[in-house]
Amino acid sequence: MKVLITGGAGFIGSNFIRYAMRAHGEWMIVNVDKLTYAGNLANLAEVAGNPRYRFHRADICDAEAVGRIFSEELPDAVINFAAETHVDRSIDDPSMFLKTNILGTQVLMEAARKCGVARFLQISTDEVYGSLGATGRFSEDSPLRPNSPYAASKTAADLLVRAYFKTYGLPTLVTRCSNNYGSYQFPEKIIPFFVTLLHEGKPVPVYGDGMNVRDWIHVDDHSRAVDAVLLRGRPGQVYNVGGGNERTNIEITKLLLGAMGKDESHMRFVPDRPGHDRRYAIDDTKIRTELDVVPQIPFKEGLDATVRWYLENEAWWRAVKSGEYQTFYDRWYKDRQNRDVP
Ligand code: NAD
Ligand code: TYD
């Protein structure tokens, strides 16, 4: 089976590629990534030389480039991880979010339709459901009420995916997962951001009253869920993926302070994010009962391992923070050209 993955140089896409290369010895993986600020080929160093892996640098909004890659590769399945993903950036400037997350998804589905792929899996988010009060959980039938430009763009993409299934019969699947944590996450998201700040002896900025709740899942558990939905999900269906692990931002901050041996003087309350969703909580009954998918990594264990990973891989996040990682592609490309010369 040949699986085309978009956004494979990002946090979750690269985790999925590393996982799938180990789990499926018969898969060929084609990674299509534009390498925006969030794409980092260093995340894929362990698979780069594998003959079952190929990389194309391309923008998913570029219909010509995408069409060329699809007709060259003829994938059996597509998983679309590529997106602009940071809520704060979407508040500063929504335009790229609309382009990549909506138009890019449509361009990919068009190419997938023409090429007759057997599965098209859209990686979505629980943020499409909006915000909860103190009680209740999101099910797949909850109304879509996005509050940030990021969430609105992901919701629009989900609706287009639905339309391509209904109108053209494209065999689509959608996963809506809660907040991921783990290694190789870009240090703009709260957990790696706070760990790297604390390591540098700086205070961490907690938005508002810090009582916003997120449901945290380890990225390895997300990858296992994506794999199950790709192989066994029913076309046209949406599957929620959750960690069953709700935490306030203050709890997360205190756990990180403890893990880093710092006291609460390192915690600063700062003005709230506009439109800040109060609480996300996932009802994952459908994926549990239909596909037997259950998160396996206990939160405390996963969080400690994640903190350790950032401390042991300082060179990785220093390169990211300094922008040096963006030269990785140039070096990779030059190496490849040198190799290609007979
Ligand atoms: P990320 O920001 O770490 O990575 C995004 C990747 O997409 C990068 O490699 C980037 O270069 C690539 N990309 C961006 N625009 C592109 C374009 N126009 N063409 C080709 N490639 C492009 O994101 P992530 O956290 O790994 O998230 C991956 C997916 O999972 C996204 O669709 C996101 O909405 C979804 N998701 C994320 C979370 C989370 O907690 N991080 C939770 C649920 C769902
Ligand atoms: P984030 O990691 O940006 O993910 P998302 O907004 O997609 O849930 O933020 C997680 C939570 O942490 C969210 O409630 C916002 C909060 N947060 C802070 O309090 N301070 C920060 O510096 C950041 C980046 C996030």
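Position 1 is the first residue of the sequence; numbering continues from there. None of these values were measured; they are calculated from a predicted model. For ligands, and for the atoms within them, numbers begin at 1 and follow the listed sequence.
Under a 4.0 angstrom heavy-atom cut-off, F81 registers as being in contact with ligand 1. Under the 4.0 angstrom criterion for non-hydrogen atoms, F194 is in contact with ligand 2.
Of all atoms in ligand 2, numbered sequentially from 1 with element shown, those under 4.0 Å from a heavy atom of V87 are 6 (O), 7 (O). Proximity to H276 (heavy-atom distance under 4.0 Å) selects the following atoms of ligand 2: 13 (C), 14 (O), 15 (C). Distances below 4.0 Å separate heavy atoms of V206 from the following atoms of ligand 2: 19 (O). Of all atoms in ligand 2, listed by their number and element, those nearer than 4.0 Å to a heavy atom of E188 are 24 (C). Contact atoms of ligand 2 toward F193: 22 (O) (distance under 4.0 Å to a heavy atom of the residue). When each atom of ligand 2 is checked for a heavy atom of H86 under 4.0 Å away, the hits are 3 (O). The distance from ligand 2 to the heavy atoms of E127 drops below 4.0 Å at these ligand atoms: 5 (P), 7 (O), 8 (O). Ligand-side atoms of ligand 1 in range of Y150: 33 (C), 34 (O), range being under 4.0 angstrom from any heavy atom.
Between N249 and ligand 2, at least one N/O pair is under 3.5 Å apart. Not a single N or O atom of D88, backbone or side chain, sits closer than 3.5 Å to an N or O atom of ligand 2. For ligand 2, one of its N or O atoms has an N or O atom of N179 under 3.5 Å away.
Residue L35 forms a side-chain contact (heavy atoms from CB on, under 4.5 Å) with just one option from D59, N40, L41, and that option is L41.
Under 4.0 Å from ligand 1, not a single heavy atom of H86 appears. Counting heavy atoms under 4.0 Å from ligand 1, residue T85 touches it through the side chain alone. Within the 4.0 Å heavy-atom criterion, neither part of S14 lies near ligand 1. For N80, no heavy-atom contact with ligand 1 is shorter than 4.0 Å.
Taking the six-membered ring for Trp and the full ring otherwise, W316 and Y184 have centroids separated by under 6.0 Å.
Residues S153 and P94 have side chains not in contact (no heavy-atom distance under 4.5 Å, counting atoms from C-beta outward).
Of the N and O atoms on the side chains of K189 and T85, at least one donor lies less than 3.5 Å from an acceptor on the other residue. A side-chain donor-acceptor contact under 3.5 Å links S95 and D93. Using modelled atom types, one finds no donor on one side chain facing an acceptor on the other under 3.5 Å when comparing D126 with S178. Inspection of the D220 and Y19 side chains reveals no N or O donor paired with an N or O acceptor under 3.5 Å.
Using bins of under 30°, 30° to 60° and over 60° for the plane-to-plane angle, the ring pair H276/Y207 lands in the perpendicular bin. Between F16 and F81, the ring planes lie tilted relative to each other; the angle falls in the 30° to 60° range.
The single protein non-hydrogen atom nearest to atom 10 (C) of ligand 2 is I190 CG2, 3.8 Å, given as residue, atom name and distance.
Relative to atom 1 (P) of ligand 2, the option among R214, R268, R273 with the closest non-hydrogen atom is R273.
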